Each structure stands twice: as C-alpha cells, then as structure tokens.
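What you see is a predicted model; the values in this text were computed from it and never measured. Residue numbers start at 1 and run along the sequence shown.
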Amino acid sequence: MPRHALRILANDWGAWIPLVAVMSLTTALVGVCANQFAWTHSPEFLAATRAAGLRAEEFHVVSVSVYCCVALVAAFSLTVVGSATVVRCAPDFSRWRLLGATPAQVGATALAMTAVACGAGALAGSLASVPASFALVPWFNGLAAQGFPGGTGGFDPPFAASPGAWAASLALSWLTCMLGSLGPSLRAARMRPVEALRSSSAGAGGASGHPVAAAAVAALALLLPVAGAWDPAVGGTSAGGALSSLMVWPGALLLVAAALWGARGVEAAIACAAAVPALAGSTMGVLAGKALRARAGRSAITTIPLVIAAGGGSLLLCMVRTFERVMRALGVQTAFNYTDTFVLVGLVALFSLATAAAVTALGSDDQGSGITALRALGVPRAQASRMLVWQAALLAAATGLLSLVLALAAAGIGLFLSLRLFGVPAFCPPVDLCAVFAVASFLAVVSILRWRLAGWLGQWPALRGDTGAAGSAERRRKS
C-alpha cells in the first residue's frame, strides 16, 4: 500500500506542493508556540525573570491568547489538509474498487498517502520552527516585558530551543492531519465500485453535513445569552465581563454549527449566489454554479475554512466594537487599541486563505475533463476561462454570505446584551471584514484555478484526465 501511495503522490507532485507548504508553515507556527511554552517554564527563564524583577506568570498569561489563536488555526488548517488529501483521490479509489480492490486496501492506501504527504510537511515545518523560534520567541518576550510593571525594555535572556518542543510540534501536527483524514478514509473504504461509473469526481461531490445537529447547536447558541443575561448575579461591575463571555461562547457555538452544516450550507449559499449569473443571463455563470453544486463536497472543503475564519474574526471585532460603543455611550472616552485583535484576525485570515488556495490547487484537476468537453463542443477559450472566473466568484460569494450570517448573528447577540445589561443599543456587524474575506478568497481561488488549469485552456487541450498531460500537450504544440 505505501508503494501505491507514493505513486499517487508522484503522479502530479506539483499539485501537492501548496498543501505541503501550508502543512509546513502551520507546523512551524506550532513549533514556535511549543518553544515559547517550554522556554517560559524553564529554570533558566525563571531565574532571568527573578533577576530582572519580573514575574514569570505574566509571560504565561500574555501567551495564552497566542496559544489559543494558533491552536484554532492549526486545528482547522491541518484537519482540512488531511481531509483534502484523501478527497482529492476519491475517483482513483472508486476505480480501484471497480477493479477488485478490497475496502481494507483502499482505506490503508488512503491513510498511507496522508501519512507520507503530511509527514513530509510536518517534518519540514518542525525543522523550520527551530530557527524561527530563535528569532521570534526572544522578540515576543522582550516586547511583552516592556508592558509589565517594572519592565525596562532590556529583558533579553539567552534563548535555548527545546528538543521536546520540536518533537511535540512534529507529532501534534502529523496526528492532527491524520485525524482529519480518518473520516474521508473510512468513506473511501466503504465506497461502492459503481461510484467509478458515475462521474470523474465520484465519491467526492455529494453534499454531506449534519443539519439537525447544526440547528440544535445554533439554537443553544441563541438561548445561552438569553439565559445568562437574566442571571441575578450578572450586573453592576460584572456586566462588562458578562458581555464578553456571553458573546464569546455563543459565537463559538455558532462556528461549530456552521462547521456541522458543512456541504449542505455551502450548497445552499452557492444556490443563492448563482441567482446573480442567472439574472445577468450569463451561460458560463449558470454552468459554473451547477458545477459547484454538483461538487458540493469539494466546494465545502475550500469554503468552510474561510467561513470559520471570517466568522471567528467577525466575532472578535463585533465583541470589541460593541464594548467600545457601550463605553462611549456611558461617557468613557479612553482610546481603544485594536492592534492585538487585528493581528490575531490577520493571522487566522492568512492561514485560512493559504489553506483554501492549497485545497483548490489539489482538487482542481477533476475539472480538466469538463473543460475539454466544453472545448470539444466549440466553446471558445475565453468563455471557458470566464467559467473559471465565475466559479471563483460564486465560491467567494458563498463565503461572504455564510460569514455575513455569522456576523449578523454575533451582532444581534451583542445588541441584545447591550440593551439588557447597559440599556445602550450597540449593533456592530463587521460587514467590512466579511467583504474583505470575500474579495481575498476570490483573488486566491481564481489565481489558483488559472494556474492549475492553464493547460486545459490552451488552443489544443489534451483529451486526458490529468493537468500535467494537458500542459505537456500545450508545450509540445508551441515548440
């Protein structure tokens, strides 16, 4: 089975490079945090803080928000990477089943392929985390020390990387990827041989999700602030903390509900966005919408990370803007600094966009045969290229719509709490962030699609099922 897994990876290695790069970057980030944790708990660091008149606990507290943000980024990016690795090869697995492969052989190959691809990325990222830690950990601690009571700005003890942190980043990242691939691997093993006769994306396009569980979690998210706001213990000096906690936990539950809704929610959002090309009379736009809905499973792998990232960022911005508006209404004129919030949102956005771009690059090959069919029917190259642009636009619109729903829900919770706890109306939906995410996702996806499908869009595209062959045919024609 490992031999077959290596053949799959070597068949089109260029498509796997973005995914391995995302895996490496995420693992490096995890490694830096692991080194920060190990270093700030080491005897050398504790002695240095005592000598400088500082408290080590202050460094531990200020690092918690960074740990939580990186854990969120890593959990979503790495599980998506693991899942996309298996989903990309679902058509191959269905053909294997048709040729007589057993479910155990298919499942073992899927897991072996994920182990090799993710292991390469995790190893590279864990090694890169060592020099990155030497640069970032002392800088972060020196910057944090300036804001502590008694901090002089000269706190810079010699840093030493931890071998345990390197091993932990490698193991955690690899295991998280494998966990993300477990469900798709089991579905691939249970795939029926007849799936190979249905479409080029067999086993990968169906709309999956758990709408009942998603509705239950969303209802709990909406009931939680109502129950909490009528708690007799909430009020007075504790109202500010209650506003934050009663927005954070329901917001987190809404993100879970969006993830549970999965491909069904993405399919519904694409259907709503597809009304635009239908009203505009764009044939290529209508075809793009139908293609995306037919591949709702793969569309969700690209869209859901962006929606979760945009929803999480919207939750943070909505919370701080609601709190600021309440304070302004109560007469507090202190300047509010959003730097840390914007840094965390930017970090989540960067990794979610990179993950979406890598998944798009990995799953774009199955569109080659469709483009070939369109070209064979006489569709001009410009029209085929326009269909790719419409696909990117519809995915971006679906991302914007779903993230806007989460933003409006978070803002509605903030409005209810601000009225109940302070008597001040504060409705602050971060629509600007949703728009930025939609535009950024459009640019990322359309760039990747144009790059990966350039061979199929040539004047004489190859009538084969892989992008590499199409690119080779185009290069031979020009030479």
**Closest non-hydrogen atom pair, V424 against A329** = CG1-CB, 3.4 Å

**Request:** Answer yes if the side chains of S418 and R325 hold a donor-acceptor pair under 3.5 Å, and no otherwise.
**Result:** no

**Item:** Donor-acceptor contact below 3.5 Å, side chain S403 vs main chain G400
**Value:** yes

**Prompt:** So how far is it from T399 OG1 to L353 CG, rounded to the nearest 0.5 Å?
**Reply:** 9.5 Å

**Prompt:** Between S385 (side chain) and R381 (backbone), is there a donor-acceptor pair under 3.5 Å?
**Reply:** no

**Asked** Just by modelled atom types, is the A115 backbone N or O under 3.5 Å from a matching donor or acceptor in the W174 side chain?
**Response** yes

**Prompt:** Between Q383 and P380, is there a donor-acceptor pair closer than 3.5 Å when you use the side chain of the first and the backbone of the second?
**Reply:** no

**Asked** What is the minimum heavy-atom distance between A122 and S173, and which atoms define it?
**Response** CB-CB, 4.4 Å

**Asked** Where do T322 and M247 come nearest, in terms of heavy atoms and distance?
**Response** OG1-CE, 4.2 Å

**Where at least one partner belongs to residues 396-420, residue pairs that pass ring-ring contact (aromatic ring centres under 6.0 Å, His included), sequence neighbours excluded** = W230-F416

**Request:** Let me see the working for S126 and S169 under side chain to side chain donor-acceptor pair (under 3.5 Å), right down to the final yes or no.
**Result:** CA-CA 6 Å; S126 62; S169 64; 4.9 Å; no

**Request:** Side-chain contact test, heavy atoms from C-beta onward, threshold under 4.5 Å: evaluate it for I308 versus I304 and give yes or no.
**Result:** yes

**Item:** Beyond-backbone contact of L330 with M327, side-chain heavy atoms, under 4.5 angstrom
**Value:** yes

**Message:** If you define the side chain from C-beta out and look only at heavy atoms, does anything of P103 sit under 4.5 Å from R190?
**Reply:** no

**Derivation of the side-chain contact (heavy atoms from CB on, under 4.5 Å) call for V389 and F442** = CA-CA 9 Å; V389 175; F442 168 74; 4.1 Å; yes

**Request:** Could you grab the distance from atom CE of M178 to atom CG of L111, nearest 0.5 Å is fine?
**Result:** 5.0 Å

**Item:** Residue from V22, L78, T79, T26 passing side chain to side chain contact (heavy atoms under 4.5 Å, CB included) with T355
**Value:** V22

**Message:** Would you say that L388 contacts V446 through its side chain, given a criterion of any heavy-atom pair below 4.5 Å between the two side chains?
**Reply:** no

**Message:** Any heavy-atom pair between the side chains of L394 and P277 that's under 4.5 Å?
**Reply:** yes

**Request:** Return the minimal non-hydrogen interatomic distance between L253 and A221, and the atom names on each side.
**Result:** CB-CB, 3.6 Å

**Prompt:** Do side-chain atoms of S24 reach the backbone of G121 as a donor and acceptor pair under 3.5 angstrom?
**Reply:** yes

**Prompt:** Closest approach of V86 and A188, non-hydrogen atoms and distance?
**Reply:** CG1-CB, 4.5 Å

**Request:** Would you name the heavy atoms of P250 and S245 that are closest together and state the gap between them?
**Result:** CD-O, 3.9 Å

**Item:** Validation row: S129, V30 side chains within 4.5 angstrom (heavy atoms)
**Value:** no

**Message:** As an exercise, state the distance from CD of Q391 to NZ of K290, rounded to the nearest 0.5 Å.
**Reply:** 14.0 Å

**Asked** Could you give the distance from CG (L25) to CG (L350), rounded to the nearest 0.5 Å?
**Response** 8.0 Å

**Asked** Between CG of L406 and CG of L401, what distance do you get to the nearest 0.5 Å?
**Response** 11.5 Å

**Request:** Kindly indicate whether the side chain of F93, heavy atoms from C-beta on, has any atom under 4.5 Å from the side chain of R97.
**Result:** no

**Prompt:** Does some side-chain heavy atom of W261 sit less than 4.5 Å from a side-chain heavy atom of L402?
**Reply:** no

